[in-house]
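These numbers come from a predicted model, not from an experiment.
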Amino acid sequence: CRKNVEKANALEPHDAALEAAASAYADAVGKLEPLLKEADDYYSQENYKDDRMAKGKALHPRLVAAWDAFADADKKLRAGVEVINDKRATERLAAIEAKEGRKVHYQVEALMIHAKRLLHAENADKPDMAAITQALTDYESAVKAAEDASGKDGDAKLGSFFTGNAKSFLTTAKQLMRRIRDKVPYSQGDRMMLGGGGGWMVEGSPPRLFRDYNQLVDSYNRGVGI
C-alpha cells in the first residue's frame with residue numbers, strides 16, 4: 001500500500017490534498033496492521049486464558065486508537081477519490097451524449113450517476129429531506145428514461161436483471177425516505193437484525209439500501225444486457 005501510494009503521488013498531475021490523504025491512509029494502515037495481527041494471534045490461540053486477559057486489556061485502547069485513525073484516513077481518502085470519480089462520470093456522460101445522443105447507453109450512465117447521488121443523500125450524517133426528495137425524483141426519472149430508451153428505434157435493449165436491480169434500489173430508497181420523513185422507528189426484531197449483521201433484511205434500512213445499490217453496481221459491471 002505504501003509503495004503504491006508513493007508511486008502514485010509521484011505521477012502527474014499532482015493533487016496536494018489527495019496525495020496527503022493517501023499518505024495518511026498508508027501510514028494508518030501500516031500502524032494498524034501489526035496490531036490486528038497481534039490481537040488475532042492472541043485471541044485465536046486463546047492466550048487470554050493464560051494471562052487473565054491482561055494483554056487483551058492492554059491492547060484494547062491501542063487498537064481503538066489505531067482503528068479510529070485508520071477510519072478517519074479512509075474517510076478522507078474516499079472523499080477525495082469520490083470527487084474525481086464523480087467528475088469523470090459527468091465528463092463521460094457528456095461525451096456519450098455528444099457522440100450517440102440520449103440513447104440507452106446515455107440513460108444507463110445517467111441512471112448510475114443518480115443512483116450514487118441518492119445513496120449519498122440518504123446516507124448523510126444529517127439527512128436533508130429536500131435533498132433526498134430531489135435525488136429520489138431524479139433517480140426515478142432516470143430509471144423511467146432508461147426503460148423508455150430500451151429497444152427504442154432499434155436501439156439496444158436492457159436486460160431484465162439490470163432493470164430489476166434498478167427498481168429494487170428505487171423501492172428501498174423510497175422506503176428509507178418514508179422512514180426518515182415520518183420518523184418511523186425500527187421494531188425490536190428489526191433492531192436485533194440491524195445489530196447482528198442481518199440489517200439488509202430490514203426494509204427501508206441503510207444496510208438494505210447499500211445491499212441493493214451494490215447489487216445494481218454488480219449488474220452494471222457484469223453488463224446491462226446491451
Side-chain angles (χ1 to χ4, degrees), residues 1-11 15-85 116 119-127 165 168-169 172-173 175-176 179-180 183-219 221-222:
C1 177
R2 188 182 301 280
K3 287 180 180 178
N4 285 331
V5 165
E6 291 174 351
K7 183 178 179 180
N9 284 356
L11 299 175
D15 183 324
L18 187 63
E19 290 165 14
S23 295
Y25 177 88
D27 184 62
V29 170
K31 292 176 179 177
L32 177 62
E33 191 273 338
L35 283 174
L36 288 176
K37 183 179 185 305
E38 187 177 358
D40 181 63
D41 289 343
Y42 177 72
Y43 287 105
S44 64
Q45 295 166 18
E46 300 183 345
N47 293 340
Y48 54 87
K49 294 181 178 180
D50 303 320
D51 68 353
R52 302 174 68 88
M53 201 63 179
K55 185 172 182 177
K57 293 176 181 178
L59 272 174
H60 181 72
R62 295 168 58 204
L63 268 171
V64 170
W67 182 265
D68 286 347
F70 164 75
D72 182 64
D74 177 71
K75 183 177 181 179
K76 290 178 180 177
L77 179 58
R78 285 178 183 272
V81 172
E82 286 296 312
V83 169
I84 295 173
N85 284 341
K116 187 176 181 180
L119 178 75
H120 289 329
E122 293 199 327
N123 193 50
D125 292 335
K126 295 181 179 179
N165 282 328
S168 292
F169 179 67
T172 296
Q175 291 170 340
L176 180 54
R179 187 182 289 277
I180 295 170
K183 298 181 173 60
V184 179
Y186 292 105
S187 67
Q188 183 177 355
D190 289 343
R191 290 196 298 272
M192 289 178 64
M193 286 190 286
L194 288 167
W200 65 270
M201 293 186 285
V202 180
E203 290 187 352
S205 69
R208 178 67 163 261
L209 187 73
F210 273 99
R211 193 284 302 264
D212 288 353
Y213 176 75
N214 287 333
Q215 288 186 338
L216 172 62
V217 172
D218 184 59
S219 65
N221 289 336
R222 289 172 180 268

Student: To the nearest 0.5 Å, how far apart are CE in M201 and CG in L194?
Tutor: 9.5 Å

Student: Do L18 and V81 touch side chain to side chain, with heavy atoms closer than 4.5 Å?
Tutor: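 L18 vs V81: side chains touch.
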
Student: When rounded to the nearest 0.5 angstrom, what distance separates NZ in K57 from CZ in R52?
Tutor: 8.5 Å

Student: Just verifying a value: how many Å separate D15 CG and I84 CD1, rounded to the nearest 0.5 Å?
Tutor: 5.5 Å

Student: Inspect the surroundings of NE2 in H120 and state if more than 12 heavy atoms from other residues, nucleotides or ligands are less than 6.0 Å away.
Tutor: yes

Student: Would S205 and D190 count as having a side-chain donor-acceptor pair, cut-off 3.5 Å?
Tutor: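 Note: S205 and D190 side chains miss the donor-acceptor criterion.
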
Student: Which heavy atom in A58 sits nearest to a heavy atom in P61, and how many Å separate them?
Tutor: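 Heavy-atom minimum between the residues: O-CD, 3.5 Å.
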
Student: Which residues satisfy the ring-ring contact (aromatic ring centres under 6.0 Å, His included) test with F70, sequence neighbours excluded?
Tutor: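 Counting only residues at least two positions away or on another chain, F70 forms a ring-ring contact (aromatic ring centres under 6.0 Å, His included) with Y25, W67.
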
Student: Considering residues, nucleotides and ligands other than M53, do more than 12 of their heavy atoms fall under 6.0 Å from its CE?
Tutor: yes

Student: Crowded around Q188 CD? As in, over 12 foreign heavy atoms under 6.0 Å?
Tutor: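 Incorrect, the count does not exceed 12.
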
Student: If we only count heavy atoms from C-beta on, is the E38 to L59 side-chain gap below 4.5 Å?
Tutor: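 The answer is yes; the side chains approach within 4.5 Å.
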
Student: CG/L36 to CG/D41 distance, rounded to the nearest 0.5 angstrom?
Tutor: 11.0 Å

Student: To check you understand the geometry: which heavy-atom pair defines the closest contact between A66 and L32, and what is its length?
Tutor: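 Looking at all heavy atoms of both residues, the closest pair is CB-CD1, 3.8 Å.
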
Student: How close do G199 and P207 get, heavy atom to heavy atom, and via which atoms?
Tutor: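 What the structure gives for the nearest pair is C-CB, 3.5 Å.
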
Student: So Y186 and R179, do their side chains get closer than 4.5 Å, heavy atoms only?
Tutor: yes

Student: Identify the heavy atoms of A39 and L63 that sit nearest to each other, and give their distance.
Tutor: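 That would be CB-CD1, 3.7 Å.
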
Student: What distance separates L119 CG from T172 OG1, expressed to the nearest 0.5 Å?
Tutor: 11.5 Å

Student: What closest approach, in Å, do L176 and P206 show between heavy atoms, and which atom pair accounts for it?
Tutor: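 Taking L176 first and P206 second, the nearest heavy atoms are CD1-CD, 4.1 Å.
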
Student: Could you check if a side-chain atom of V5 sits within less than 4.5 angstrom of a side-chain atom of N9, using non-hydrogen atoms only?
Tutor: yes

Student: Are the side chains of D51 and Y42 in contact, using a 4.5 Å heavy-atom criterion?
Tutor: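 With C-beta onward as the side chain, the pair touches.
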
Student: Could you grab the distance from atom CG of D40 to atom CG of L35, nearest 0.5 Å is fine?
Tutor: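 That separation rounds to 12.5 Å.
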
Student: What heavy-atom pair brings P127 and I180 nearest, and what distance separates the two atoms?
Tutor: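 What the structure gives for the nearest pair is CB-CG2, 4.2 Å.
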
Student: Counting C-beta onward and ignoring hydrogens, is there a side-chain heavy-atom pair between N123 and F210 closer than 4.5 Å?
Tutor: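 Answer yes - side chains close enough.
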
